[in-house]
Number of protein chains: 2
Amino acid sequence: MEAARRRRRLALAIGNSLRELNSQLSLLNYRVGAQLELRDVDLDCLDLIDRLGPLTPSELARMAGLHPATITGILDRLERGGWIARERDPADRRAVLVRIVRERLPDLLRLYAGMNRSMNEIYAGYDESELEVIADFLSRSAKAGRSATDELSPS
Amino acid sequence: MEAARRRRRLALAIGNSLRELNSQLSLLNYRVGAQLELRDVDLDCLDLIDRLGPLTPSELARMAGLHPATITGILDRLERGGWIARERDPADRRAVLVRIVRERLPDLLRLYAGMNRSMNEIYAGYDESELEVIADFLSRSAKAGRSATDELSPS
DNA sequence: TACATATGGTACGACTTTCGTAGTATATGA
DNA sequence: TCATATACTACGAAAGTCGTACCATATGTA
């Protein structure tokens with residue numbers, strides 16, 4: 001069947017692009033981190049803190065798959081740079097709540113400005129239904145990534 | 001304009017999914033690396049070696065944005081695990097050519113099997129023209145990532 | 001050819017990061 | 001009230017990173 005072969009070829013192309021995109025975004029994060037004197041794992045954590053709101057170091061450790069003591073070091077660096085703040089949890093005074101310092105965010109976004117501009121240009125080339133297909137695909141893929149990761153972890 | 005707002009919302013959703021996908025794939029790589037007693041940077045390099053064929057440590061250092069001496073350590077780990085082989089370049093006997101050991105690849109792919117299965121299920125939900133849109137989008141995004149990274153590097 | 005200079009890779013050592021363990025503070029349950 | 005569990009971090013050992021130096025080889029010049 002000719003159609004099946006075309007589909008296989010497309011799936012392969014998607015997989016390769018996904019791999020390369022992942023590789024490029026990792027490298028971009030690495031470079032951004034270097035500019036800010038942060039490690040890429042620091043930026044990963046900062047992203048999680050931004051997306052998942054104020055959370056405790058333990059939760060962050062679980063989400064990032066890192067040892068709690070490692071998180072301490074990462075938070076030390078992020079705090080020293082003024083990217084996050086550590087606050088006591090009023091409900092549980094053993095716990096610490098990590099929150100992002102929003103005033104500092106523009107300094108980070110500035111470094112992603114080039115990427116954002118390019119992405120906006122790319123969006124402009126698609127009509128609304130195509131954008132919906134893309135959004136849907138990415139959302140499903142992210143979910144697939146989450147499941148695959150969970151399967152691998154011995155938790 | 002209603003349409004413009006819908007487009008903005010879709011662009012935002014795509015950006016968020018992309019961010020989360022990147023985060024998830026990084027985490028997946030990290031977990032896969034842990035299973036193989038490799039660092040995630042090792043896997044990044046292995047991926048580059050796989051995609052860009054046999055290359056020298058210097059080229060790899062440039063592609064990965066790492067110090068040449070760091071590459072030595074990474075290659076040592078990869079070689080010790082049997083993932084790559086170092087060979088003298090017949091054309092330039094100072095140089096070393098790093099090539100991937102294909103026989104060892106299944107051990108790596110096995111760990112990505114869950115992700116691959118999920119992705120295949122996702123592909124199955126789209127028709128051919130939709131897959132083309134997705135492939136095109138990802139390819140452009142990867143290229144955008146490459147440009148954005150190059151802009152940030154002081155090379 | 002002979003020599004100076006440039007380049008590729010790695011060994012070495014200083015510095016940093018990571019993570020297992022232990023310790024302190026607080027919470028929970030009997 | 002006391003025992004136990006949990007949250008976080010300090011500390012130290014082990015590993016990773018990277019600037020420098022070094023050796024081998026290549027390239028350019030006389």
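Here is how names work: the chains are called A, B, and so on, in the same order as the sequence lines, proteins then strands, and each is numbered from 1. This is a predicted model, so every value here is computed, not measured.
Nearer to the 5' terminus of DNA chain D, by closest-nucleotide assignment, is the contact made by A:T72 (compared with the other of B:G73 and A:T72). Between B:D76 and A:R77, the one whose closest nucleotide on DNA chain C sits nearer the 5' end is B:D76. Between B:A95 and B:Y30, the one whose closest nucleotide on DNA chain C sits nearer the 5' end is B:A95.
A:E59 has its CD atom 15 Å from the P atom of D:dT6, to the nearest Å. Between B:I71 atom CD1 and D:dG19 atom P the separation is 13 Å, expressed in whole Å. B:E37 places its CD atom 15 Å from the C1' atom of D:dG16, with the value rounded to the nearest Å. Put simply, CD1 on A:I74 is 8 Å from P on C:dC19, counting in whole angstrom units. We find that CG of B:L78 is positioned 13 Å from P of C:dT10, with the value rounded to whole Å. At whole-Å resolution of the value, CG in A:L38 and P in C:dT16 are 15 Å apart. The interatomic distance linking A:L60 (CG) with D:dA7 (P) rounds to 14 Å, in whole Å. Between the CG atom of B:D89 and the C1' atom of D:dA24 there is a distance of 14 Å, given to the nearest Å.
Distances shorter than 4.0 Å separate none of the side-chain N or O atoms of A:T56 from OP1 or OP2 on D:dA7. Distances shown here put every side-chain N or O of A:T70 at or beyond 4.0 Å from the OP1 or OP2 atom of C:dT18. Residue B:R86 has a polar side-chain atom (N or O) positioned under 4.0 Å from OP1 or OP2 of C:dT10.
Looking at A:Y126, its side chain never comes within 3.5 Å of a backbone N or O of A:E132 through a donor-acceptor pair. In this structure a side-chain-to-backbone donor-acceptor pair under 3.5 Å is missing from A:Q35 to A:V32.
With a 6.0 Å radius and a threshold of 12 heavy atoms from other residues, nucleotides or ligands, A:E128 has its CD atom above the threshold.
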Atom pairs under 3.5 Å, N or O on each side, protein against nucleotides 20-22 of chain D: can you list them with distances?
none

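Checked against salt bridge (Lys or Arg N to Asp or Glu O under 4.0 Å), B:R94 has the following partners two or more places apart in sequence or in another chain: B:D92. Legend: residues meeting salt bridge (Lys or Arg N to Asp or Glu O under 4.0 Å) with B:R140, ordered by chain and number and at least two apart, are B:D136. For B:E121, there are no salt bridge (Lys or Arg N to Asp or Glu O under 4.0 Å) partners two or more places apart in sequence or in a different chain.
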Heavy-atom contacts, protein to nucleotides 25-30 of chain C, under 4.0 Å, summarised as B (base), S (sugar-phosphate only) or - (none) per nt, yield BBS---

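No option in B:R146, B:K143, B:R51 other than B:R146 meets the side chain to side chain donor-acceptor pair (under 3.5 Å) test with A:E20.
Salt-bridge check for A:R102 with A:D50: passed, with a basic side-chain N closer than 4.0 Å to an acidic carboxylate O.
Within the structure, salt bridge (Lys or Arg N to Asp or Glu O under 4.0 Å) contacts touching residues 75-89 of chain B (residues at least two apart or in different chains) are B:D42-B:R77, B:D76-B:R86, B:E79-B:R86, B:E87-B:R99.
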